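Each remark here refers to the structure printed beneath this line.
Because the structure is a prediction, the values reported are computed rather than measured.
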Amino acid sequence: CASLRKFSVHKSNKYFSKRDNMLLNKSQSKIVSACFGSNKTCHIYSSIKDIDKNILNEPGVKSFSVNKKNAKYAAKGGLLYSKNGKTLLKCPSAMSGVVNMGDSVTKIASKAFENCNNITQLNIGKNVQTISDPMYISAKKLNKI
């Protein structure tokens with residue numbers, strides 16, 4: 001739904017709620033859907049504990065930002081990490097150019113680079129021990145790992 005720009009949820013709905021450009025479950029602990037429009041940053045609120053995988057692969061997202069009070073996720077340089085920074089969870093699909101991950105990263109999660117077709121260089125940190133599903137590093141023009 002590329003032209004979708006806004007969600008509206010009836011205040012009596014028992015299952016869903018809306019916040020900014022996100023459709024959330026009622027407790028606002030899971031991002032169910034989003035319409036990013038001209039806002040290419042996926043903001044993850046402090047209450048979020050789960051994100052639908054389709055949100056992570058949304059082609060318009062250029063970066064992730066995470067509220068510092070979020071107990072599960074963190075972001076640095078637009079990339080999405082586990083809270084402790086040891087697992088790189090997702091590179092935004094619309095990110096381009098050179099991607100640098102922090103030296104705290106020990107694991108690259110499955111499909112972390114799925115649909116990342118504009119990355120030209122991936123700099124893997126010195127402490128990475130595990131790359132889950134390396135075939136999903138799908139950048140067409142990737143020239144250096």
Side-chain angles (χ1 to χ4, degrees), residues 1-11 13 15-125 128 130-145:
C1 299
S3 60
L4 181 64
R5 299 286 182 248
K6 183 178 177 182
F7 288 108
S8 177
V9 178
H10 194 279
K11 63 183 177 181
N13 188 297
Y15 305 100
F16 297 100
S17 63
K18 175 208 170 281
R19 185 168 176 187
D20 297 327
N21 59 346
M22 305 277 192
L23 180 64
L24 308 164
N25 63 352
K26 191 64 172 182
S27 66
Q28 295 195 353
S29 63
K30 180 177 181 176
I31 301 173
V32 178
S33 189
C35 51
F36 293 101
S38 62
N39 180 5
K40 304 297 184 187
T41 299
C42 179
H43 299 288
I44 300 172
Y45 309 112
S46 60
S47 61
I48 300 298
K49 297 176 184 168
D50 193 19
I51 305 169
D52 185 279
K53 68 178 182 171
N54 293 320
I55 299 300
L56 296 178
N57 285 321
E58 213 282 335
V61 176
K62 288 187 177 180
S63 67
F64 291 100
S65 73
V66 178
N67 184 293
K68 292 181 188 233
K69 294 180 181 179
N70 186 292
K72 186 170 181 181
Y73 301 105
K76 185 175 181 183
L79 302 172
L80 183 64
Y81 295 92
S82 59
K83 182 64 177 184
N84 64 8
K86 291 184 182 262
T87 302
L88 173 63
L89 298 172
K90 184 68 178 125
C91 175
S93 298
M95 188 172 268
S96 62
V98 178
V99 173
N100 297 301
M101 62 186 73
D103 284 333
S104 65
V105 177
T106 59
K107 178 181 179 181
I108 299 173
S110 177
K111 301 182 182 182
F113 290 93
E114 184 174 23
N115 298 325
C116 295
N117 296 322
N118 297 311
I119 296 172
T120 56
Q121 182 173 322
L122 175 60
N123 296 321
I124 296 175
V128 173
T130 305
I131 299 175
S132 303
D133 298 331
M135 65 188 153
Y136 283 106
I137 298 177
S138 62
K140 294 175 185 172
K141 299 177 183 176
L142 189 64
N143 62 21
K144 181 177 179 183
I145 294 185

*Roughly how far, to the nearest 0.5 Å, is the NZ atom of K111 from the OG atom of S132?*
11.5 Å
*Which distance, rounded to the nearest 0.5 Å, do you find between the OG of S63 and the CG of L79?*
9.5 Å
*Would you mind reporting whether I44 and N70 have side-chain heavy atoms less than 4.5 Å apart?*
yes
*Would you indicate whether the side-chain heavy atoms of I51 and L80 approach each other to under 4.5 Å?*
yes
*Answer yes or no: is there a side-chain heavy-atom contact under 4.5 Å between N123 and V98?*
yes
*With a 4.5 Å limit on heavy-atom distance, are the side chains of K18 and S8 in contact?*
no
*Of all the heavy-atom pairs spanning F64 and C91, show the shortest one and how long it is.*
CE1-C, 4.3 Å
*Flag the pair D52 / I31 as yes when at least one side-chain heavy-atom distance between them is below 4.5 Å, and no otherwise.*
no
*Between A112 and L88, which heavy-atom pair has the shortest distance, and what is it?*
CB-O, 3.9 Å
*asked:* Please report the interatomic distance NZ(K49) to CD(Q28), rounded to the nearest 0.5 Å.
replied: 12.0 Å
_Side-chain heavy atoms of Y73 within contact of L89, under 4.5 Å_ = yes
*Please report the shortest heavy-atom distance between S47 and R19, naming the atom on each side.*
OG-NH1, 4.5 Å
*Could you walk me through whether V128 and K107 pass the side chain to side chain contact (heavy atoms under 4.5 Å, CB included) test, one step at a time?*
CA-CA 6 Å; V128 173; K107 178 181 179 181; over 6 Å; no
*Mind checking whether I48 and L24 have side chains closer than 4.5 Å, heavy atoms only?*
yes
_Closest non-hydrogen atom pair between Y45 and N67, with its separation_ = C-CB, 3.9 Å
*Just how far is it from atom OG of S104 to atom NZ of K76, taken to the nearest 0.5 Å?*
7.0 Å
*For S29 and N25, test the side chains for any donor-to-acceptor distance below 3.5 angstrom and give the result as yes or no.*
yes
*Assess the side chains of S65 and T41: does a donor N or O sit below 3.5 Å from an acceptor N or O?*
no
*Would the number of heavy atoms belonging to other residues, nucleotides or ligands and lying under 6.0 Å from NZ of K83 be above 12?*
yes
_Pairwise distance CZ(F113) to NZ(K90) - rounded to 0.5 angstrom_ = 8.5 Å
*To the nearest 0.5 Å, tell me how far N115 CG sits from S93 OG.*
5.0 Å
*Kindly give the heavy-atom pair with the smallest separation between N118 and M95, and that separation in Å.*
CB-O, 3.7 Å
_Residue pair V66 / H43, side-chain heavy-atom distance below 4.5 Å_ = no
